[in-house]
Amino acid sequence: MDTQGSLPIVQCVARARIPTTTGPDIFLHLYANDRDNKEHLAIVFGEDIRSRSLFKRRKNETQQERMVRGAYVGKLFPGRTVADVDENLGLELQFDNDGELRVEEKTTWAKKDTLVRIHSECYTGETAWSARCDCGEQFDRAGKLIALDREGDIVGGSGRGVIVYLRQEGRGIGLGEKLKAYNLQDLGADTVQANLMLQHPADGRDFSLGRAILIDLGIERVRLLTNNPDKVSQVEHPPQLHCVERVPMIPLSWTSDEDGIHSSEIEGYLRTKIERMGHLLQKPLKLHTMENVPASSTTITTHTII
Ligand SMILES: Nc1nc2c(ncn2[C@@H]2O[C@H](COP(=O)(O)OP(=O)(O)OP(=O)(O)O)[C@@H](O)[C@H]2O)c(=O)[nH]1
Ligand SMILES: [Zn+2]
C-alpha cells in the first residue's frame with residue numbers, strides 16, 4: 001500500500017485509436033514508469049484528453065515520428081504528413097517554448113469533471129469468465145457509463161473519461177499467488193485471510209501510478225467509479241488532482257435477477273469487501289447465504305466530496 005509520497009515518473013510511450021465493438025473509438029495509452037517494469041495502461045475515451053508526456057515535442061523529432069507514437073490531433077488518414085494540425089477538422093495544437101503542450105479550449109480537455117475508473121488487472125474476472133469476483137463486470141460497466149450521458153440517477157461521461165488499468169493482478173500479489181489464495185478460499189479462508197496466510201498484505205497495491213497517469217492526462221477533477229474508500233483517498237493529490245465525487249458501482253446481480261454474476265463465491269467476495277475492507281456499497285446487502293445486512297442507507301447515492 002503506498003502512502004501519499006512523491007509521485008512516480010510516468011511516460012506515455014505510445015497511443016493508438018481502437019475502434020470498439022460497442023461503438024465509440026477509444027485511445028489506448030501505454031505507460032512506462034520509474035517504479036516497476038509493468039506496462040500500465042490508460043483507456044481514454046475522447047480524442048482531446050491528451051497525455052502531456054506523449055505530446056511533448058522531442059528534439060529533432062519528425063512529424064511522421066509523432067504520428068507513429070500517436071502524438072497527433074484529430075484523425076490519421078493515408079497521406080497525412082503533419083501531426084500537430086488536422087486541416088479537415090480545423091484543429092492545431094499549440095506548444096510553449098520548451099515543447100510542452102499548451103491547454104487550449106478547442107484541442108485539449110482539461111479542468112472539467114471527468115468520469116474515471118482506476119481498475120486493477122484481474123485475468124480471471126476479465127478473461128477466464130470467473131464468477132469469483134465482479135472485476136470483469138466492473139470493467140465493462142465503467143466503459144458503458146463513460147460512453148453514456150446518464151443511466152438512471154447516475155450521470156455518465158457523455159463520451160469522455162478514463163479507465164486507468166493498473167497491472168496489479170491479485171491486489172498486487174500476482175496471478176500465481178492469487179490462484180493459491182483461491183485454493184485457500186476453497187478451504188474456507190476469505191480473500192483477506194488467504195492473502196495474509198500467504199504472507200502478503202490484504203491489499204498490496206500502489207495507486208500512486210494511477211495518480212501520476214491521471215495528472216499526465218491533464219485530469220484535475222475526478223468523478224471516481226468505485227466502492228473502495230482507499231481508492232477515493234488515493235486519487236487526491238492537491239492541487240493537481242482532486243476527487244469531487246464517488247460514483248458507486250452496484251453489482252448487477254443486486255439490481256436485477258437476470259443480470260450480473262450469481263454465485264456463492266461472489267457473495268463471499270462482496271461480503272468480505274464490505275465487512276473486512278470497508279467498501280462503500282450502499283445497497284442493502286441481501287445475500288442468499290446470510291440475513292440482510294443493514295446498510296447505512298437504503299438508496300444508491302453518489303457521495304459528492306468537495
Ligand atoms: N488476492 C486476491 N485478489 C483478488 C481476489 N479477487 C479479486 N482480486 C483482485 O482484486 C482486485 C480488484 O480490483 P478492483 O476491482 O480494481 O478494485 P476494488 O479494490 O475491488 O474496488 P472497486 O473499485 O470498488 O472495484 C484485482 O487486482 C483482482 O485481481 C482474491 O480472491 N484474492
Ligand atoms: Zn477479479
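For the numbers below, each heavy atom of this structure counts, side chains included, while hydrogens, waters and symmetry mates do not. Each ligand, and each atom within it, is numbered from 1 in the order the structure gives.
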Legend entry - Proximal atoms of ligand 1 relative to Gln168 (non-hydrogen, under 4.0 Å): 27 (O)

Legend entry - Contact with ligand 1 for Tyr182, non-hydrogen, under 4.0 angstrom: yes

Inset, instruction - Could you tell me whether Glu121 and Lys38 have a side-chain N and a carboxylate O separated by less than 4.0 Å? - result: no

Legend entry - Polar side-chain atom of Lys178 near backbone of Arg171 as donor-acceptor pair, under 3.5 Å: no

Inset, instruction - Please answer whether the main-chain N or O of Tyr269 pairs with a side-chain N or O of Thr191 as donor and acceptor at a distance below 3.5 Å. - result: no

Inset, instruction - Examine Lys273 against ligand 1 and note whether any of their N/O atoms are separated by less than 3.5 Å. - result: yes

Inset, instruction - Can you pull out the closest protein heavy atom to atom 6 (N) of ligand 1? Residue, atom name and distance to 0.1 Å, please. - result: Tyr269 CE1, 3.3 Å

Legend entry - Carboxylate-amine/guanidinium contact Arg271 Asp190, below 4.0 Å: no

Legend entry - Donor-acceptor contact present, side-chain His40 to main-chain Arg167, <3.5 Å: yes

Legend entry - Check: Gly170 N/O within less than 3.5 Å of ligand 1 N/O: yes

Inset, instruction - Mark up the atoms of ligand 1 that fall under 4.0 Å of a heavy atom belonging to Ser120, in ascending order. - result: 13 (O), 16 (O), 26 (C), 27 (O)

Inset, instruction - May I ask you to decide if Arg50's main-chain N or O and Arg52's side chain share a donor-acceptor pair within less than 3.5 Å? - result: yes

Legend entry - Protein heavy-atom partner closest to atom 19 (O) of ligand 1 - residue, atom, separation in Å: Arg205 NH2, 2.7 Å

Inset, instruction - Indicate, as side chain, backbone, both or neither, the part of Lys231 found under 4.0 angstrom from ligand 1 when only non-hydrogen atoms are considered. - result: side chain

Inset, instruction - Indicate yes or no: does Arg57 engage Asp84 in a salt bridge with an N to O separation below 4.0 Å. - result: yes

Legend entry - Per-residue contact class, Glu177 against ligand 1 - non-hydrogen pairs under 4.0 Å: neither

Legend entry - Carboxylate-amine/guanidinium contact Asp113 Arg223, below 4.0 Å: no

Legend entry - Donor-acceptor contact below 3.5 Å, side chain Glu137 vs main chain Gly260: no

Inset, instruction - Starting from atom 24 (O) of ligand 1, find the nearest protein heavy-atom neighbour and note its residue, name and distance. - result: Asn227 N, 2.8 Å

Inset, instruction - Between Glu137, His200, Gln185, flag the one that comes closest to atom 32 (N) of ligand 1 by a heavy atom. - result: Gln185

Inset, instruction - Report yes if Asn195 has an N/O atom closer than 3.5 Å to an N/O atom of ligand 1; otherwise report no. - result: yes

Legend entry - Which segment of Ile173 sits under 4.0 Å of ligand 1 when only heavy atoms are counted: side chain

Inset, instruction - Give a yes or no answer on whether the side chain of Asp48 reaches the backbone of Thr107 with a donor-acceptor pair at less than 3.5 Å. - result: no

Inset, instruction - Give the residue and atom name of whichever protein heavy atom lies nearest to atom 26 (C) of ligand 1, and the separation in Å to one decimal. - result: Glu121 O, 3.6 Å

Legend entry - Within 6.0 angstrom of Leu196 CG, more than 12 heavy atoms from elsewhere: yes

Legend entry - Donor-acceptor contact below 3.5 Å, side chain Gln11 vs main chain Ser53: yes

Inset, instruction - Could you tell me if any non-hydrogen atom of Arg117 lies under 4.0 Å from any atom of ligand 1? - result: yes

Inset, instruction - Below 4.0 angstrom from a heavy atom of Thr191, which ligand 1 atoms are there? Numbered from 1 as shown, please. - result: 30 (C), 31 (O)

Inset, instruction - Answer with yes or no whether Met249 contacts ligand 1, where contact means a heavy atom under 4.0 Å from a ligand atom. - result: no

Legend entry - Which of the ligand 1 atoms, numbered from 1, are nearer than 4.0 Å to a heavy atom of His119: 16 (O)

Inset, instruction - Please write down residue, atom name and distance for the protein heavy atom closest to atom 10 (O) of ligand 1. - result: Arg171 CG, 3.3 Å

Inset, instruction - Give a yes or no on whether the backbone of Asp186 and the side-chain of Asn183 come within a donor-acceptor separation of less than 3.5 Å. - result: no

Legend entry - atom 22 (P) of ligand 1 [closest protein heavy-atom partner, distance rounded to 0.1 Å]: Thr226 OG1, 3.5 Å

Legend entry - Contact atoms of ligand 1, heavy-atom distance to Cys122 under 4.0 Å: 28 (C), 29 (O)

Legend entry - Any side-chain donor near an acceptor of the partner, Ser208 and Asp206, under 3.5 Å: yes

Legend entry - Protein contact of atom 4 (C) of ligand 1 - nearest heavy atom, named by residue and atom, plus distance: Lys178 CD, 3.8 Å

Inset, instruction - For Gln138, take its heavy atoms, then give the atoms of ligand 1 lying under 4.0 Å from any of them. - result: 15 (O), 22 (P), 24 (O), 25 (O)

Inset, instruction - Heavy-atom distances under 4.0 Å are what count here, so tell me which part of Met277 touches ligand 1: side chain, backbone, both or neither. - result: neither

